[in-house]
Q: 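Got a structure for you, written out below as structure tokens; questions coming shortly.
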Amino acid sequence: MYYLLEYVLVTPNFIVNAIVATLLALVPPGGHVVTTTECYSEARIFIRERLSKMGIRSTFVDLNDIETLKAVLDQGDVTLFYTDSPTNPHLKCIDIKLVAELCHLKGTLVCIDSTLASPINQKPLTLGADIVVHSATKYIAGHHDVIAGCISGSQELIKTIRAWHQDLGGAISPDAAYMIIRGLKTMALRVETQNRTSLRMARLLENHPKIEHVYYPGLKSSPWHHIAESQMTGFGGVVSFEVASDLHGVMRFIDALEIPFIATSLGGCESLVQQPAVMSFWGQSDEEKAKNGITDNLVRFSFGIEKFEDLRDDILQALEKM
Ligand SMILES: *Cc1c(COP(=O)(O)O)cnc(C)c1O
């Protein structure tokens, strides 16, 4: 399949610009957006709370529940299906080719947030998606020093989105654009290293007595492995895992780590670590966290490009100190 590709680079805030511009441009009043329950929280909030004020309906389906997705699409009024794949922080994957086929049968556009895969590991447009969004903040820029977003798709769709994006503002600054262009030159090298380190660490952690569960689509034990394997060429730098401890034990583990910075974000040269329950999902109620699988002992690692042995030794010593 051949695509005429276009893209828009947006900043300063990826979510406000890329996703909002895409949704406002493509969904008419009275439209209906379907998204998944583990998609990026700011997108979810925009879809549920802001679009509803414009008379746009939203339906949330479980990413694994293709039967419910089909039933919702059968209503015939769904303008756009929007999801992340893989998702954060559990790295769940959706069969992009399958959902694109199902959606297109009903005239529904498909938009994939492919940030966690990186453009190196997954190419949703070639799998049938209509629009792909990336947080360029992550793997594309790759150095944790710029915030930007990117939207790709056919010239026709991007023309519509670009008009909205211009109205909404948020043109990228020359500095940010320069840093992204510079980062792009090493993206393939960085991502290959991150893929390799993450897979090795995920396998090692899976067999560690102090680790209860590892979430990584590259692991054969992952429920999403078969889908990931069919549509990704690598599984990315994010590995999440549950440590056999409680909230404070995990804090001790994280504090004992010497290499990674404690921070949100992902995909850059430096490894980052965070505890979703008290960081990126802090704002959610205990009930919401439980529903979303955000346990107190969940750790999300974003592996950088440091030497594998150094990262391994650091994690092992920190688990001993926990
Ligand atoms: C980080 C992230 C975003 C938001 O991107 P920013 O560039 O930080 O605004 C959106 N979607 C996913 C999947 C992300 O990981």
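Worth saying up front: this structure is predicted, and the values here are computed from it rather than measured. Only heavy atoms go into these numbers, but all of them, side chains included; no hydrogens, no water, no symmetry mates. Start at 1 and go down the list; that is how both ligands and their atoms are numbered.
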Q: Which atoms of ligand 1 have any heavy atom of Ala148 under 4.0 Å away?
A: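 Those atoms are 7 (O).
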Q: Please collect all side chain to side chain donor-acceptor pair (under 3.5 Å) contacts where either partner lies in residues 176-186, sequence neighbours excluded, each pair once.
A: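 Qualifying pairs: Tyr178-Arg182, Thr186-Arg190.
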Q: Ignoring angles and geometry beyond distance, decide whether Asp84 reaches within less than 3.5 Å of ligand 1 through its nitrogen or oxygen atoms.
A: no
Q: Which pairs with one or both residues in residues 237-248 pass side chain to side chain donor-acceptor pair (under 3.5 Å), sequence neighbours excluded?
A: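 Those involving residues 237-248 are Tyr215-Glu242, Glu242-Thr295.
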Q: Could you check whether any heavy atom of Leu116 sits closer than 4.0 Å to an atom of ligand 1, since that is the contact criterion I want to use?
A: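 In this structure, Leu116 qualifies as a contact of ligand 1 - some heavy atom is under 4.0 Å.
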Q: Using a plain distance cutoff, I'd like to know if Tyr40 has any nitrogen or oxygen under 3.5 Å from a nitrogen or oxygen of ligand 1.
A: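 Between Tyr40 and ligand 1 (N or O atoms, distance only) the closest approach is not under 3.5 Å.
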Q: Which one holds for Val133 and ligand 1: side chain close, backbone close, both close, or neither close, with close meaning a heavy atom under 4.0 Å?
A: neither
Q: Looking only at heavy atoms, is any part of Lys138 under 4.0 Å from ligand 1, and if so is it the side chain, the backbone, or both, or is it neither?
A: side chain
Q: Regarding Ser85 and Thr83, is there a side-chain donor-to-acceptor distance under 3.5 Å anywhere?
A: no
Q: Can you tell me if Gln194 uses its side chain to pair, donor with acceptor, with the backbone of Gly268 under 3.5 Å?
A: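 Indeed, once roles are kept as given, a pair shorter than 3.5 Å links the two residues.
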Q: Looking only at side-chain N and O atoms, does Lys321 offer a donor or acceptor that is under 3.5 Å from a partner on Gln317?
A: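 Indeed, the side chains of Gln317 and Lys321 share at least one donor-acceptor pair under 3.5 Å.
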Q: Using a strict cut-off of 4.0 Å, indicate which atoms of ligand 1 neighbour a heavy atom of Asp113.
A: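 Matching atoms, with element in brackets: 10 (C), 11 (N), 12 (C), 13 (C).
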Q: After noting the C-alpha distance and the side-chain angles of Lys70 and Glu67, does the key distance pass the salt bridge (charged side-chain N to carboxylate O under 4.0 Å, His left out) rule?
A: CA-CA 5 Å; Lys70 272 190 201 164; Glu67 289 311 312; 3.5 Å; yes
Q: What part of Ser265, side chain from CB on, backbone N/CA/C/O, both or neither, has a heavy atom under 4.0 Å from ligand 1?
A: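 Looking at Ser265 and ligand 1, no heavy atom falls under 4.0 Å.
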